[in-house]
Structure formats: C-alpha cells, structure tokens
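Taking it in order: structure first as structure tokens, then the write-up.
Residue numbers begin at 1 in each chain, while the letters A, B, ... track the order of the sequences.
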Number of protein chains: 2
Amino acid sequence: MSRASERAYNNIRSMILSGELQPGSQIREEALAELCGVSRTPVRDSLRRLEAEMFIRRNDSQRSFVADWSLDDLEDAFQLRAMLEAHAAKRAASRITREQLGRLRHHNAQLKQAIDIPNPDVPKFLDHNRQFHAIIVAAAASERLASMLGQVTEQPVVLRTARQYDLENLRRSHHDHDELLIAFDKRDGEWAAAVMTGHIRRAFHAYAQAHSTDTEIRKSNLAA
Amino acid sequence: MSRASERAYNNIRSMILSGELQPGSQIREEALAELCGVSRTPVRDSLRRLEAEMFIRRNDSQRSFVADWSLDDLEDAFQLRAMLEAHAAKRAASRITREQLGRLRHHNAQLKQAIDIPNPDVPKFLDHNRQFHAIIVAAAASERLASMLGQVTEQPVVLRTARQYDLENLRRSHHDHDELLIAFDKRDGEWAAAVMTGHIRRAFHAYAQAHSTDTEIRKSNLAA
DNA sequence: TGGCAGCTTATTGTATACAAATGGCATTCG
DNA sequence: CGAATGCCATTTGTATACAATAAGCTGCCA
C-alpha cells in the first residue's frame, strides 16, 4: 500500500495499541483523517483492515468503535494462538533449515543477554522474542497459518502495570526457547508443539494477571 | 455494508468461486465496477476483503489477481480447517444447548433424506451440511474462531468433475454427523474433536482426488 | 542485434463532493 | 407526564475527477 494509506493504517493501529484511542470509544472517519493528515478514503481502507483484524468493531449501523476486550476474549485469543503456534512449531520442526536454526540461536542469545544484567533491557528482549517467533512461523511455511497468527498475536489491551515484564517469566520464556531449539535440532515436532503450547499458555496467565491488576488499579482510581 | 458494496462483494466472490474469473488472471477494478454496475469505490472495498480472505492476491505493484491454488495450498487450508473445526467441536460439546442439538438433528435428518433416494439431491445435501457445521461453530461461541474458519472453509478451486459428490462419501459424512451428535449428547469434547478431524480429512481426500482427476481432464483437453 | 531511455498508456491511489442513512432532539398528542 | 413522530445534524456510503505510479512500447545508440 502506498504512502497515505500505509501511514493511516500504522497511525490508527498504534493509537489503538497505545491506548490513545480508548477501548469502546467511537471512531469517526473524518476525525481520524485529520489526525493522520489524509482524506477519508485511505482512512476507510485502514478501518476495514483493522476491523478484519478485530481491532475495531462496527455496530449494526456501520459506526466504528475501538474494540473493548474482555478477559474472556483475551483467553479466547490466547487459546487460538497456543493452538496455531504449536502447529507452527510442529511444522517448523520438520522444515527448519540450519540457517534458520542459527538465527534462532542468535536471537535467543540476545534475549538472554537482555535480561541477564542488573538493568534488564525489556524492549530489547521483546524485539528478539518477536523475531524468534517470526522465524518459527516462517519455517512452518504456511502463508495462511502466518496470516491467522498475525490476527491473534497482537492484543489490543493496554496494561498500565509492568507486571507482564516480570523477570521470572522472562527467564522461563528464555528457557522454553532453549528447549524449543533442542526439539528443532532433534526434528521432534511433537515435542516442539508441546513446549510451544506451554510457552503461550504461560504468557496468557502472565497477561491475565497483569490485566486483572490493571483493572483493579483503574477501578480504585475511579473510586478516588 | 450497504447495497452497492454488498452487491459488489457477492458478485466478485461468486465469479471467483464459479471460475468465471479464471485463477491467475489479472483483475482490473474498473472492469469489475462495470460488471457489478457500481463505481470503483465499493469494488475496491470488496477487493480488500477478498484479499484478506485469500481469494485474491496482489503483486508488488498493487495489481490484483485471482488466487491460483496449488494442491499444497489446498492441503494446507484443509489441515488448518481440520484443526480449527475440531477445536470448535470440542468447545461446542460443553456449550451446546438442547435447542441447538435439536436443530443439528433436524439438518442431519434432512441431509440423510437428500441422499437416501434414487435421485440424490446434492445441493440440498450441501445446504443442510453447511447449516449443520454452522450450528457447531456457533455453539463453540468464539467469534475469532468463527472468523478464522470462514477463511478456510470455502475453497476457490473449481472442479469440473462430479467426483466430490461421490455418494459413498456423502453417506460416510452423514455417519460422521451421527457420531458427532452422540458425542455432543454425551458432552464428550475429545470424541467430538476426533470425529470432526476425520470428517474434514476425508473431505480433503475426496477434494484432492477430484482435483487431480480434474487436472488430468484439463490436460488431456489441452492436448486434444 | 541487444539493451536501455524516455515516452505513452494503463491501472491504482487519493481527494472531494454529494447522496443516503442513522441518531438525537424537540415538539406534540394522547 | 410519557411516548411517539418528524425534523435536523452527524456520519457513513458512493461516484467521480484527478494524481501518482508502474508497465509496455518505441526508437535510438552502442
């Protein structure tokens, strides 16, 4: 997609992910158009895309709202993600190349570095983590699977606490990655899938805990 | 979506599914606009949707083509569908209502009728089959899952043979449905999932066989 | 003759104007 | 006083004109 359209999409998407656009709030095409400095046409394109990705919902009369996810929705997304990503790991185990394995090791070493220091570099960890998972999805060699995973991987839920970055969880994540690497090395798809399932489910519980804590904080702020 | 947009989407989609628009052929927005009797705006909307559903692909310079599926693509889609629909069956087993079970039985009886006669009514069978599966997906109560299944359920592959309507397969399908009904009745999600997996995998093999036969016929026609 | 440059044409992207539809508000009638 | 209805404002849908971009062709030059 060319410039205006691309810009609108990225802008709106990041506004949703950052919480700048509040969950549940209505979205007006023209307002977004002004915010992005483009006309309504590319904004409409973006809204359709974001709707397909479930970042945005529309009511029965075509008005758009920022998706407001319940804890159930979150669990649902994570459940699907666990299933799909385990499947990806299984496929990857029999297809992954030496070169991809090497890159996997590289990113895993980097993310270990990011947390094995006095002042953990969480953004660095998250970046290498993302790339680690991306390589596995690529190795699975299924465009459809990749496209579906894209739909459940980024969660439009804003968390104000830092709990999801809990160090212990990050270390366990890294350990899972280590185990995945061995499973891939042995070409054991079942093992890889099992590790991945646990990996994602842990992520869910960390997320859910942060979510509930966050909700509590929000409520008490409201009460005050 | 309102009239023009809706019409354009349905028109284009059915033109792809019917083979009227040949796989691999380029699509021009204006041509479609004329065919549908609307302007390019709703056509563009539709193309974006169809692209997300992988009925259409775009090259690096934004030109659109009707997706051309290989046998591998087909297998990939069926594999994902089997996994997702088994998951749906499992979830449905613990959530399905008496009323939904009743409707399931109704449609299963109808599709049995459609093939248990001297002149089988295949369209009727397919319609009730579709509704049967739709009820299960609804009972699974996951919007995301439903949306993903939508993406892998309809295959833009035109088959000229009638082999996929092979009576024996239809009878086996009906038998699977019977077994699903019992599994639901017993609230046995694992059983339901297992039956569903086999059900979809059989469908794949029937489809694949028809596909290869069809390809053969096409080749010999080409040679003649 | 082969390939590259520049132009021409085909196609998509964007903006804008206008049409349709929806929601909210106020007024009126029971 | 409450509910229903009609009008006005807001928002989205569609068409069209124009801009940008990419593809294909032609002719020139090495």
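Put simply, Ser61(B) has no side-chain N or O that comes within less than 4.0 Å of OP1 or OP2 on dT21(D). For dG13(C), the OP1/OP2 oxygens have a side-chain nitrogen or oxygen of Arg44(B) closer than 4.0 Å.
Judged by closest nucleotide on DNA chain C, Arg40(A) is the one of Asp60(A) and Arg40(A) placed further toward the 5' end.
Glu34(B) places its CD atom 13 Å from the P atom of dA15(D), with the value rounded to the nearest Å. We find that CG of Leu32(A) is positioned 12 Å from P of dT11(D), with the value rounded to whole Å. In this structure, Glu51(A) atom CD and dT12(D) atom C1' are separated by 13 Å, rounded to whole Å. What separates CG of Asp45(A) from P of dG13(D) is a distance of 12 Å, to the nearest Å. Per the geometry, CG belonging to Asn59(A) stands 11 Å off C1' belonging to dT12(D), to the nearest Å. Taking atom CZ on Arg3(B) and atom P on dT12(D), their separation rounds to 20 Å, with Å as the unit.
Ser173(A) and Asp176(A) share no donor-acceptor pair across their side chains, judged by distance under 3.5 Å alone. In the model, Gln79(B) has a side-chain atom that pairs as donor or acceptor with a side-chain atom of Arg91(A) under 3.5 Å.
With respect to the salt-bridge test (charged N to carboxylate O, under 4.0 angstrom), the residues Arg57(A) and Asp68(A) do not qualify. By the 4.0 Å N-to-carboxylate-O rule, Lys124(B) lies too far from Asp127(B) to be salt-bridged with it.
Note on Thr41(B): a base of the nucleic acid sits closer than 4.0 angstrom, heavy atoms only.
Scanning both residues, Glu29(A) and Val43(A), for their nearest heavy atoms gives O-CG1, 3.8 Å.
For Arg58(A), the listed nucleotide lying nearest its side chain is dG13(D); candidates were dG13(D), dA22(D), dA15(C). Taking the side chain of Ser39(A) as heavy atoms from C-beta on, and the options dA15(D), dT12(C), dA15(C), the nearest nucleotide is dA15(C).
For Arg58(A) and Phe65(A), the positive end is not near the middle of the six-membered ring at less than 6.0 Å and at most 45° from its axis.
When the options His128(A), His177(A), His107(A) are evaluated for a ring-ring contact (aromatic ring centres under 6.0 Å, His included) with His133(A), the one that passes is His177(A).
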Every protein N/O within reach of nucleotides 8-11 of chain C N/O, cut-off under 3.5 Å:
residue: dT11(C); atom: OP2; partner: Arg28(B); partner atom: NH1; Å: 3.3
residue: dT11(C); atom: O4'; partner: Arg63(B); partner atom: NH2; Å: 3.3

